[in-house]
A.B. asks: 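Below you will find the structure I want to go over with you.
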Amino acid sequence: MNSLIRATARCLRPGSAVYLTRQADTRMCLTPGQRFLCSATGIKKDLAEIVKKDKVVVFMKGDPSQPMCGFSNAVVQILRMHGVDDYASYNVLEDQRLRQGVKDFSNWPTIPQVYFNGEFVGGCDILLQMHQNGDLVEELEKLGIRSALVDTENKSK
Amino acid sequence: MDPDVSRPIERAIRTKLTDTLRPDHLEVHNESHMHAVPPGSESHFRVLVVSSQFEGLPLIQRHRLVNETLKDELKSYVHALAIQAKTPQQWATNPTLAKSPPCMGGSRGDNTVEEKQKAGRE
């Protein structure tokens, strides 16, 4: 477990380079000309669908290739450490209605926000603690995702 | 240590968490200086709350308790809130404050942060 924490610390250091074997699949909420429905109901309906469409969904500032916030970056790095590259990410900085909408939808005041199988998991703090205490490996397992750290730990034994 | 009266948000956070969660240990850190916001801001905080009220609660419920306690501040002045919510036993086992990741400048030019700053000044 200590090696996981040290690896996390290395990962979160500014300028640390973590090479991705496969780019995370970034689904942009907005393509040019595309907008969410204007009403709050519209956003809520869209979000209810969005969080269920993919196993792992992240609402963040920026995108996985260029996070615009240290906390959002931490989520990206943690998922990356576990080999989770194929997830949907949504950049709340691109749409203030999305930014407020997701806070209302989750009843959670801050960004980033992480969903597993349509269920709200939490923000950066919770994901980090799940990573440190081993719960994240278990939760990914439930999603049918084998964490890369399981293989790493096995190899080191 | 009495909080500086010139830091009203920090004081409000401390008071509300104390009154609601009756913590054994409480730390409230203003981390605004670590972010791209004007000096003297009260926009980014880290709180460490050690309370027996967290016994038996999963992390998300603990965080929701803290969020609910500080909902007025989160709606108005506070842009980011990092939370550590531990039971007394967990704190005794590992009495460490987590560190926030380095800022990546997202608050620079962020209208919502600027609006909150303005609301704070008014």
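Chain letters run A, B, ... following the sequence lines, proteins first and then strands; every chain starts at 1.
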A.B. asks: If you look at every heavy atom in Ala80(B) and Thr110(A), which pair is closest and at what distance?
C.D. replies: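 Minimum heavy-atom separation between Ala80(B) and Thr110(A): CA-CG2, 4.3 Å.
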
A.B. asks: Is it the case that more than 12 heavy atoms not belonging to Gln89(B) sit under 6.0 Å from its CD atom?
C.D. replies: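 Open.
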
A.B. asks: Would a hydrophobic clustering, with Ile, Leu, Val, Met, Phe, Trp and Tyr connected at side-chain separations under 4.5 Å, put Phe71(A) with Leu98(A)?
C.D. replies: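 No, no single cluster joins them.
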
A.B. asks: Return the minimal non-hydrogen interatomic distance between Ile83(B) and Asp125(A), and the atom names on each side.
C.D. replies: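 In terms of heavy atoms, the two residues are closest at N-OD2, 2.6 Å.
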
A.B. asks: So which part of Asp135(A) gets closer than 4.5 Å to some heavy atom of chain B, the side chain, the backbone, both or neither?
C.D. replies: neither

A.B. asks: Above 12 or not: heavy atoms from other molecules or residues under 6.0 Å from CD of Gln66(A)?
C.D. replies: no

A.B. asks: Can you see which heavy atom on Pro101(B) is nearest to which on Gly70(A), and at what distance?
C.D. replies: CG-O, 3.3 Å

A.B. asks: Which residue in the set Leu74(B), Val78(B), Leu81(B) passes side-chain contact (heavy atoms from CB on, under 4.5 Å) when paired with Pro109(A)?
C.D. replies: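 Among Leu74(B), Val78(B), Leu81(B), the one meeting side-chain contact (heavy atoms from CB on, under 4.5 Å) with Pro109(A) is Leu74(B).
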
A.B. asks: Looking only at heavy atoms, which two atoms of Val121(A) and Ile60(B) are closest? And how far apart?
C.D. replies: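 Smallest heavy-atom distance, with atoms named: O-CD1, 3.6 Å.
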
A.B. asks: Let me check something: do Leu59(B) and Leu48(B) share a hydrophobic cluster, defined by ILVMFWY side-chain heavy atoms less than 4.5 Å apart, either directly or through other members?
C.D. replies: no

A.B. asks: I need the Lys75(B) NZ to Lys103(A) NZ distance, nearest 0.5 Å.
C.D. replies: 12.0 Å

A.B. asks: Spell out, yes or no, whether Val50(B) and Leu17(B) are grouped together once hydrophobic residues are joined by side-chain heavy atoms under 4.5 Å, including indirect joins.
C.D. replies: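 Each belongs to a different hydrophobic cluster.
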
A.B. asks: Going hydrophobic residue to hydrophobic residue with side-chain gaps under 4.5 angstrom, can you get from Tyr90(A) over to Ile43(A)?
C.D. replies: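 Result: yes, single cluster for both.
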
A.B. asks: Tell me, out of His63(B), Met34(B), Lys99(B), who's got the most heavy-atom pairs with chain A below 4.5 Å.
C.D. replies: His63(B)

